[in-house]
Amino acid sequence: MKLERHSKIVELIREFEIETQEELADKLREAGFRVTQATVSRDIRELKLTKVSGSSGRQHYAIMQTQTNFSDKHLKILKDGIVSMDRAQNILVIKTSSGMAMAVATALDGLHFRELVGCIAGDDTIMCAVRSVDDTILLTDKIRKLVQD
């Protein structure tokens, strides 16, 4: 249930500029989750959400961004190589173009994401060991943002 709730929180903060814990709790309740203020507060802390200025100038929740000095070459490898991603508890499975898994895994390791313990790559599949289920959600989102920009 926690994984589903955390996934929904990430979805909600992408879709709406949610300013308060109360507003987030209301949106979760509308989505069918039974939550308390304490639960939402704990979820915000576990997901490492932060407040940022929105287009209206008001503060809202967002996933904390990681600053990286990532070269264009490595970014191109990620964008060209990643085909899809899927989560299985604390394992992130990344499908790549044929023959690209090793290059993509090396690029991911070079990012030094706190959530990522390490990668094992084959020809077109990478298994990423991630510290926790919650971190898997965050890592997936971070990688998705890198390859979609």
Side-chain angles (χ1 to χ4, degrees), residues 1-70 74-75 77-97 100-101 104-122 124-149:
M1 187 65 157
K2 183 177 177 179
L3 176 61
E4 291 86 7
R5 189 176 65 246
H6 282 193
S7 293
K8 188 63 173 179
I9 290 170
V10 170
E11 179 184 319
L12 288 169
I13 65 170
R14 282 189 192 141
E15 187 175 346
F16 304 102
E17 288 191 354
I18 297 175
E19 297 180 48
T20 64
Q21 291 182 9
E22 294 82 14
E23 186 180 351
L24 181 55
D26 289 343
K27 294 277 188 197
L28 286 169
R29 287 186 198 105
E30 288 172 16
F33 292 91
R34 294 182 60 193
V35 295
T36 64
Q37 178 72 31
T39 301
V40 172
S41 179
R42 188 171 36 257
D43 289 342
I44 288 169
R45 189 172 51 256
E46 289 174 359
L47 288 169
K48 296 178 178 41
L49 300 182
T50 187
K51 288 229 178 162
V52 297
S53 293
S55 56
S56 64
R58 297 168 66 171
Q59 297 283 311
H60 65 90
Y61 286 107
I63 294 174
M64 190 179 306
Q65 296 297 311
T66 302
Q67 295 293 329
T68 61
N69 293 327
F70 202 52
H74 288 109
L75 187 57
I77 289 170
L78 289 181
K79 286 183 178 185
D80 291 347
I82 295 177
V83 173
S84 66
M85 294 186 288
D86 199 3
R87 299 184 307 264
Q89 296 296 327
N90 69 314
I91 297 172
L92 175 59
V93 178
I94 301 174
K95 293 289 190 176
T96 69
S97 302
M100 289 292 294
V104 171
T106 300
L108 288 171
D109 284 338
L111 277 172
H112 303 290
F113 284 122
R114 177 199 61 77
E115 300 89 353
L116 185 60
V117 177
C119 299
I120 299 171
D124 65 354
T125 304
I126 304 166
M127 291 187 65
C128 301
V130 185
R131 296 195 187 285
S132 70
V133 174
D134 294 334
D135 283 343
T136 307
I137 296 167
L138 292 173
L139 181 62
T140 303
D141 187 59
K142 287 178 181 180
I143 294 169
R144 208 169 261 129
K145 284 181 181 175
L146 278 176
V147 299
Q148 289 177 348
D149 286 342

Do [X] and [Y] have side chains that approach each other closer than 4.5 Å (heavy atoms only, starting at C-beta)?
{"X": "Val104", "Y": "Ile77", "answer": "yes"}
{"X": "Ser97", "Y": "Asp80", "answer": "no"}
{"X": "Lys79", "Y": "Val147", "answer": "yes"}
{"X": "Ile9", "Y": "Leu49", "answer": "yes"}
{"X": "Gln21", "Y": "Tyr61", "answer": "yes"}

Fill in the blank from the handout: The side chain to side chain contact (heavy atoms under 4.5 Å, CB included) partner of Leu116 among Leu139, Ile143, Leu92 is Leu139
Handout entry: Check ion pair Glu15-Lys27 (N to O, under 4.0 angstrom)
Key =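 Salt bridge flag = no for Lys27 with Glu15.
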Problem - SB check Glu19 Arg58 (cutoff 4.0 Å) - result: yes
Handout entry: Residues, nucleotides or ligands: over 12 heavy atoms within 6.0 Å of Leu3 CG
Key =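 Yes.
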Handout entry: Residues, nucleotides or ligands: over 12 heavy atoms within 6.0 Å of Met85 CE
Key =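 Yes, enclosed.
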Closest heavy-atom pair and its distance - [X], [Y]:
{"X": "Val35", "Y": "Ala25", "answer": "CG2-O, 3.9 Å"}
{"X": "Thr36", "Y": "Arg29", "answer": "CA-NH2, 4.5 Å"}
{"X": "Ala101", "Y": "Ile126", "answer": "O-CD1, 3.4 Å"}

Rounded to the nearest 0.5 Å, how far does [atom2] of [Y] lie from [atom1] of [X]?
{"X": "Ser7", "Y": "Lys2", "atom1": "OG", "atom2": "NZ", "answer": "12.0 Å"}
{"X": "Leu12", "Y": "Asp26", "atom1": "CG", "atom2": "CG", "answer": "11.0 Å"}
{"X": "Ile137", "Y": "Lys8", "atom1": "CD1", "atom2": "NZ", "answer": "13.0 Å"}
{"X": "Leu78", "Y": "Arg144", "atom1": "CG", "atom2": "CZ", "answer": "13.5 Å"}
{"X": "Lys142", "Y": "Leu111", "atom1": "NZ", "atom2": "CG", "answer": "9.5 Å"}
{"X": "Asp43", "Y": "His6", "atom1": "CG", "atom2": "NE2", "answer": "3.5 Å"}

Exercise for the section: Please lay out, stage by stage, how Gln59 and Ser53 fare under the test side chain to side chain contact (heavy atoms under 4.5 Å, CB included). Expected result: CA-CA 4 Å; Gln59 297 283 311; Ser53 293; 3.0 Å; yes
Handout entry: Check against side chain to side chain contact (heavy atoms under 4.5 Å, CB included), Leu24 and Ile44
Key = CA-CA 10 Å; Leu24 181 55; Ile44 288 169; 4.1 Å; yes
Exercise for the section: Please assess Asp134 against Lys48 for the test salt bridge (Lys or Arg N to Asp or Glu O under 4.0 Å), listing each intermediate value before the final yes or no. Expected result: CA-CA 10 Å; Asp134 294 334; Lys48 296 178 178 41; over 6 Å; no
Ignoring hydrogens and geometry, is there a side-chain-to-backbone donor-acceptor pair from [X] to [Y] under 3.5 Å?
{"X": "Arg131", "Y": "Val117", "answer": "no"}
{"X": "Asn90", "Y": "Val130", "answer": "yes"}
{"X": "Thr125", "Y": "Ala121", "answer": "no"}

Problem - Which residues share a side chain to side chain donor-acceptor pair (under 3.5 Å) with Thr106, sequence neighbours left out - result: none
Handout entry: Working for side chain to side chain contact (heavy atoms under 4.5 Å, CB included), residues Val83 and Asp124
Key = CA-CA 9 Å; Val83 173; Asp124 65 354; over 6 Å; no
